Peer 1: 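So that we are looking at the same thing, I have put the structure below in structure tokens.
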Amino acid sequence: MDQTVETGGKKIFETPLYPYAKSPDQEPGANAHHPVVIVGAGPIGLGAAIDLAQMDVPVVVLDDNDKVSWGSRAICFAKRPLEILDRLGCGDPMVDKGVVWNVGKVFFDERQVYDFNLLPEKGHKRPAFINLQQYYFEQYLVERAFELQRQGKPIELRGGNKVVSVTDKGNGVALSIDTPDGPYTMSADWLIACDGAGSPIRAMMGLDFVGRVFEDNFLIADVVMDADFPTERWFWFDPPFNRGQSALLHKQPDGVWRIDLQLGWNIDKDEEKKPENVIPRLKAMLGDDVKFELEWVSIYTFQCRRMEKFRHGHVIFAGDAAHQVSPFGARGANSGLQDTDNLCWKLKLVMDGLAPDSLLESYDVERIHGADENIMNSSRSTDFITPKSEISRIFRDAALDLSERYDFARPLVNSGRLSVPCVYDGSPLNGADALAGGPARTRPGAPCPDAPLGDGFLLDKLGNEFQLLAIDADIPDQVEDGGIAATALRISAADDASGDLAARYLGDAGSAVYLLRPDQHVAARWPSFDEAAVKTAIRTATGRA
């Protein structure tokens, strides 16, 4: 369990944002039914609900809590999830509140060995990363959900609603729910389980994770202090204040700093979380003259695991409920948002009868690919940060020593490979790649990179529907196949004097036509418009080929 240390009251933690209220579903004989029910009102569940509601899919979110999470928890949000949040209508408050950073520094013992820039190129609307406490992240998502409600969109948040049983009925799901007014039941066509790493839904269905649990523990401390450290990610190997272990420092809004300290395996977690044991560790790191207060303390164990399948009939798992990775690398919430980004448009098409149920199998294919990529990188980071043998430690320390002077050694140093978007290479939804000389970064399966476009940015014009992007090519206003339409977006390389647009989308080609999915991933590309080829690619991208 987490331990919280109060420092004058953070009202955001204490105020119910979606308090329990009795619903008509609880009346006797109500026979409540909803198209989509989401369990879990954390970042992933709220993101999925907003995405579906924007597409006019009715959705109810159930959570036994009614407040934001206490403690910063997930804090590092990468560029791609920020672009997804723009599509969900709530990117601006996240970035406005968050601490923007691109630079990281790596220390070995008492010296800095090198630094790195995560976004060395220009021409992107969003930064490489922001740091933002999860409670703010959740707050802005809740506010966006309420904004959609006011606009008449079909989204409902129910706090104080604890799901106690789930039964897949083949063509839908039956749920039993406990509330302060007693239990009630409802059914749903689809259930999306976003109920976290300890997922009660997963346990109710007798499902489990496969993967590794690493023999190490890390202390997380959110510390309120006035400090003049720069807005950078600092990572230490074998520092004098935590000998033989590692440490991490991140700045957050409101003078809150995240500190991670490696503790080792055989520890008493309850003892280590006590303020009288945490404070001396922090003073050794920060110095006796730095005044600080503890806001939140927790201990986590490295885990790199996932479910064998994310979809089980009409129950679909997303985020930490489906997969877990070690926190270093910021792959948890970032990958969870990419889960729902991948899922929701597919679920909408299936519910509307425009795509076969088998389209949802591509959610498993693509997001298991993403999870495996994250688990691989996270496992490698963990093995480097916490070497399991003397030979491994010698190799690690040699790489750190060499990295101070030689560029070739720096890729060998792994202080947590930071989250990058997944490219769905080999996906069954990928169509033709007929653009000779086209950039590899915009091949089918890749997320669209941003680029300057006049007085704005390309990604602000994309998303929520299939689109046909023409760069210096002639295309019709719309191409339709089987009730699914791809609408035209016509631009020119001349719209971007910097050349970034041409470099990212044309390469050696003089013109290009891209079919883009609703989640801003490339489905197919050609040098010019071919109606038959586009229709074939639409069928492929919607599981109807």
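Just so you know, these numbers come straight off a predicted model, no measurement behind them. Counting from 1, the numbers follow the sequence of the chain as shown.
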Peer 1: Are Leu489 and Leu462 close enough that some pair of their side-chain heavy atoms sits under 4.5 Å apart?
Peer 2: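 When only atoms from C-beta onward are counted, Leu462 and Leu489 do touch, with a gap below 4.5 Å.
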Peer 1: Determine the interplanar angle of the Tyr505 and Tyr514 rings, folded into 0 to 90°, and report it as parallel if under 30°, tilted if 30 to 60°, perpendicular if over 60°.
Peer 2: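 The rings of Tyr505 and Tyr514 stand perpendicular, inter-plane angle above 60°.
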Peer 1: Without swapping roles, check the side chain of Asp500 against the backbone of Ala451 for a donor-acceptor pair under 3.5 Å.
Peer 2: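 Answer holds: no.
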Peer 1: Please check if the side chain of Asn217 supplies one atom and the backbone of Gly264 the other of a donor-acceptor pair under 3.5 Å.
Peer 2: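 Pair found, side chain donor or acceptor close to backbone of Gly264.
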Peer 1: Short question: side chain of Arg544, backbone of Leu359 - any donor-acceptor pair under 3.5 Å?
Peer 2: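 The answer is no, because no donor-acceptor pair under 3.5 Å joins these two groups.
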Peer 1: Applying salt bridge (charged side-chain N to carboxylate O under 4.0 Å, His left out), name anything that partners Asp352, two or more places apart in sequence or on another chain.
Peer 2: Lys348
Peer 1: Counting only heavy atoms not in Glu308, do more than 12 fall under 6.0 Å of its CD?
Peer 2: no
Peer 1: Phe408 vs Tyr406 aromatic rings, parallel, tilted or perpendicular, using cut-offs 30° and 60°?
Peer 2: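 Rings of Phe408 and Tyr406: tilted, 30 to 60°.
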Peer 1: Counting C-beta onward and ignoring hydrogens, is there a side-chain heavy-atom pair between Leu132 and Gln252 closer than 4.5 Å?
Peer 2: no
Peer 1: Closer than 4.0 angstrom, basic N to acidic O: yes or no for Asp238 and Arg393?
Peer 2: no
Peer 1: Is the closest side-chain heavy-atom distance between Leu515 and Trp526 below 4.5 Å?
Peer 2: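 Leu515 vs Trp526: side chains touch.
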Peer 1: Can you name the residues that form a side-chain hydrogen bond (donor to acceptor under 3.5 Å, both in side chains) with Trp257, not counting sequence neighbours?
Peer 2: none
Peer 1: Just one of Phe137, Tyr140, Phe129 clears the ring pair (Phe, Tyr, Trp, His ring centres under 6.0 Å) bar with Phe77, so which one?
Peer 2: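 Checked Phe137, Tyr140, Phe129 against Phe77; only one passes ring pair (Phe, Tyr, Trp, His ring centres under 6.0 Å): Phe137.
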Peer 1: So, does Arg306 use its side chain to make a donor-acceptor pair with the main chain of Ala322 at under 3.5 Å?
Peer 2: no
Peer 1: Applying side-chain hydrogen bond (donor to acceptor under 3.5 Å, both in side chains), name anything that partners Trp345, two or more places apart in sequence or on another chain.
Peer 2: Asp519
Peer 1: Any side-chain to backbone donor/acceptor pair from Gln134 onto Gly42? Under 3.5 Å, distance only.
Peer 2: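 Flag not set: sc Gln134 to bb Gly42 has no pair under 3.5 Å.
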Peer 1: How would you list, by chain and number, every residue that makes a side-chain hydrogen bond (donor to acceptor under 3.5 Å, both in side chains) with Asp63, sequence neighbours excluded?
Peer 2: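 Asp63 satisfies side-chain hydrogen bond (donor to acceptor under 3.5 Å, both in side chains) with no residue once adjacent residues are dropped.
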Peer 1: Between Thr540 and Pro428, which heavy-atom pair has the shortest distance, and what is it?
Peer 2: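 Result for this residue pair: CG2-O, 3.5 Å.
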Peer 1: Do you know the tightest heavy-atom contact between Ser335 and Arg367?
Peer 2: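 Taking every non-hydrogen atom into account, O-NH2, 3.2 Å.
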Peer 1: Any sub-3.5 Å donor-acceptor pair from Thr340's side-chain atoms to Leu337's backbone N or O?
Peer 2: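 Yes; judged by distance alone, with no hydrogens or angles, the pair exists.
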Peer 1: Any idea how Phe395 and Phe384 line up, ring-wise: parallel (<30°), tilted (30 to 60°), or perpendicular (>60°)?
Peer 2: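 Phe395 vs Phe384 ring planes: perpendicular.
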Peer 1: Mind checking what makes side chain to side chain contact (heavy atoms under 4.5 Å, CB included) contact with Ala197, not counting sequence neighbours?
Peer 2: Asp320, Gln324
Peer 1: For Asn266, check side-chain hydrogen bond (donor to acceptor under 3.5 Å, both in side chains) against everything at least two apart and list the hits.
Peer 2: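 side-chain hydrogen bond (donor to acceptor under 3.5 Å, both in side chains) list for Asn266, sorted by chain: empty.
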Peer 1: When you measure from the side chain of Asp341 to the backbone N and O of Gly47, does any donor-acceptor pair fall under 3.5 Å?
Peer 2: no
Peer 1: Are any side-chain N or O atoms of Asp450 and backbone N or O atoms of Leu459, one a donor and one an acceptor, separated by less than 3.5 Å?
Peer 2: yes
Peer 1: Just by modelled atom types, is the Ala247 backbone N or O under 3.5 Å from a matching donor or acceptor in the Asn242 side chain?
Peer 2: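 Absent.
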Peer 1: Do Arg126 and Phe457 form a cation-pi contact, if we require the NZ or CZ to be under 6.0 Å from the six-membered ring centre and within 45 degrees of the ring's axis?
Peer 2: no
Peer 1: Does Lys269, at its NZ atom, have more than 12 non-hydrogen atoms belonging to other residues, nucleotides or ligands within less than 6.0 Å?
Peer 2: yes
Peer 1: Taking the ring centre of each residue, are Phe310 and Phe317 less than 6.0 Å apart?
Peer 2: no
Peer 1: Kindly indicate, with the supporting measurements, whether the criterion salt bridge (charged side-chain N to carboxylate O under 4.0 Å, His left out) is fulfilled by Asp481 and Arg539.
Peer 2: CA-CA 7 Å; Asp481 185 89; Arg539 289 195 294 274; 2.8 Å; yes
Peer 1: If you define the side chain from C-beta out and look only at heavy atoms, does anything of Asn131 sit under 4.5 Å from Arg258?
Peer 2: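 Not touching, per the 4.5 Å side-chain cut-off.
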Peer 1: Is there a donor-acceptor pair under 3.5 Å between the side chain of Arg87 and the backbone N or O of Gln520?
Peer 2: no
Peer 1: Hey, mind stepping through Trp190 and Val173 against side chain to side chain contact (heavy atoms under 4.5 Å, CB included) and telling me if it holds?
Peer 2: CA-CA 7 Å; Trp190 298 92; Val173 182; over 6 Å; no
